[in-house]
Every structure is written in C-alpha cells, then in structure tokens.
Amino acid sequence: MRFVPDGRRYAGLLFAAAPVATVLATPIAGAAFVLAGAATLHFFRDPPRSPPSSGVVSPADGRVSVVREEDDRLRVGVFMNVTDVHVNRAPIAGTVREVEHVPGAHRPAFSKDSDRNERVHLRIDAAEGAAGPAGALDGTEVELTQIAGAFARRIHPWVEPGATVERGNRVGHIAFGSRADVLFPSVVDRSDLDVSTGDTVRAGKSVLATVESATDETA
C-alpha cells in the first residue's frame, strides 16, 4: 500500500513512542500508540486508481454534498469524512494554468458556511479530447477546489502552473479532511451529470459527468 509522505512521518513518531510508553507507563499505553500509528497510516493511505474509459471523474473519495448552479456553471462538491482517502485527483486531462491559495475560515465542510473556508483553486485548461472525440470540453477551464474544514488545516497541492495532468492523476492532498469541488465549464449542464446529492464516489474512478465521451489516458 502506498501512503502520503506526511502519513509515514506522523505514524513513525507514534510507533517510536510505543516502546517508551510501555516502559514509562503501561503496556496498554504502548498498545494505544501502536493503534494510533496504524490509524494514521490508514488515514494517509494512497491506493492506486485507474479511471474508467469515459467521463469526468471525481476528484475525491466521499459523498456528493453540493450540486448547484453558479451563474452559468455547475459546481459539484464531494465531502470527505475521516474514513475516506484524502488524496485528490484530476477530473480531466489538461494543463494546470493557475494554483491559487485563498485564506479563510475553518468551518465544517458540510455546512453552508464552508463556502468561506480556506481553499486552493487548481484551474485546468482542458486538453484536446479531454472529454471525448467530439471535443466538448476542448479549450475550456475546469476548476478543482480543495477546501479546508473544521479540522483540516493543511491543503497540499502537488502540481504547479504549467504542469500537464492526465485524468485521474494525483494532484494534491488535504490533511484531515474536508471537501473537493469541481466547477464545470458552461457547456456542461445538469443533464450531463451522472451523480446526485448523497451519492458515494471514489477519486479517479467514479464519473461525475459524461460530456459526449472521454478517452483520456489513465493515471
């Protein structure tokens, strides 16, 4: 199993403390540190994913908590709870045009107030054929937003402007939570969506929308 680098570091500290706690306190205390280390590794796991042959894929594991229109664009948000994988993935193939950090609050990601939370916007210019041979998304912008929550204080984008990504590539991680949104271009409407509020999705595997078809390379 692959793990996010921060997870190995945090878990290593807990595992290293286990024998010390056993000697200075009790075996139960040592066992507690071992369990905490194992839970940390589980939280920071990074399993391999292969995108399906078509569709704009989910950027995160979790539950669809937001489906709404913003002017002429659709936003779909995925809420990650503590048991979900927190590695985020590119919804389409393209070039990262901008990585913007926006300071803000740390409200629970499932609340309406989370729209003012700290966030990172990854703006991706869709590659030719990013959504199928008809080129429905060619040259448009798809925005992936990593949103902090009540406990998530560290958003880690793993790409920089100019980077080329394929659909389903790893593009970042949110430590201890929270939400990842996709803001679609105006050519995508509700009839193109394959998910509804409350649906469970997996990063890089579940299809959020089908616009014509998608034949990008896998991660």
Side-chain angles (χ1 to χ4, degrees), residues 2 4 43-70 73-94 96 109-110 114 117 119-124 126-127 130-132 136-137 140-149 152 155-159 165-185 187-219:
R2 174 172 171 165
V4 175
F43 181 86
F44 284 95
R45 67 197 185 279
D46 181 13
R49 298 284 171 82
S50 296
S53 60
S54 64
V56 179
V57 296
S58 175
D61 283 23
R63 178 177 54 83
V64 176
S65 59
V66 174
V67 177
R68 68 168 180 252
E69 295 181 15
E70 296 183 1
R73 302 178 71 178
L74 276 174
R75 178 180 296 275
V76 174
V78 179
F79 172 70
M80 295 171 279
N81 67 35
V82 71
T83 61
D84 290 317
V85 174
H86 287 75
V87 174
N88 299 146
R89 292 176 177 265
I92 62 164
V96 178
F110 51 80
S114 64
N117 279 8
R119 64 197 58 221
V120 171
H121 299 293
L122 303 177
R123 298 184 176 97
I124 303 172
L137 292 186
T140 64
E141 176 192 279
V142 173
E143 182 178 284
L144 165 60
T145 301
Q146 299 173 283
I147 304 174
I155 303 174
H156 302 280
W158 292 344
V159 293
V165 295
E166 299 296 339
R167 192 166 50 91
N169 278 172
R170 299 171 177 89
V171 294
H173 180 263
I174 306 179
F176 302 109
S178 150
R179 203 176 97 200
D181 289 6
V182 173
L183 184 61
F184 290 94
V187 296
V188 178
D189 59 34
R190 285 184 179 266
S191 65
D192 297 315
L193 294 184
D194 293 293
V195 294
S196 303
T197 304
D199 288 352
T200 299
V201 293
R202 299 182 69 193
K205 290 186 70 69
S206 300
V207 174
L208 297 185
T210 302
V211 188
E212 300 295 339
S213 62
T215 56
D216 313 348
E217 295 296 325
T218 60

Partner set under salt bridge (Lys or Arg N to Asp or Glu O under 4.0 Å) for D181, not counting sequence neighbours
R75, R179
Under 3.5 Å, is there a donor-acceptor pair between the side chain of [X] and the main chain of [Y]?
X	Y	value
H86	N81	yes
R167	G55	yes
S178	I147	yes

Of all heavy-atom pairs linking A209 and L193, the shortest is CB-CD2, 4.0 Å
Closest non-hydrogen contact found for P51 with G168 is CG-CA, 4.0 Å
Would you say that [X] contacts [Y] through its side chain, given a criterion of any heavy-atom pair below 4.5 Å between the two side chains?
X	Y	result
K205	S58	no
E143	V182	no
V165	V96	yes
I124	I92	yes
V76	V195	yes
M80	I174	yes
V171	L144	yes
V57	P52	yes

Look up atom [atom1] in [X] and atom [atom2] in [Y], then write down how far apart they are to the nearest 0.5 Å.
X	Y	atom1	atom2	answer
L74	R68	CG	CZ	11.0 Å
L208	D192	CG	CG	12.0 Å
T145	R119	OG1	CZ	6.5 Å

Just jot down the side chain to side chain donor-acceptor pair (under 3.5 Å) partners of E69, sequence neighbours excluded, or say none.
R190
Sequence neighbours excluded, which residues qualify as side chain to side chain donor-acceptor pair (under 3.5 Å) partners of H156?
none
In chain order, what residues pass the side chain to side chain contact (heavy atoms under 4.5 Å, CB included) check against [X], with sequence neighbours excluded?
X	result
V187	L137, P185
R73	E141, L183
V87	V4, D46, V85, W158, R170, H173

Output yes when D61 and R49 qualify as a salt bridge under the 4.0 Å nitrogen-oxygen rule, no when they do not.
yes
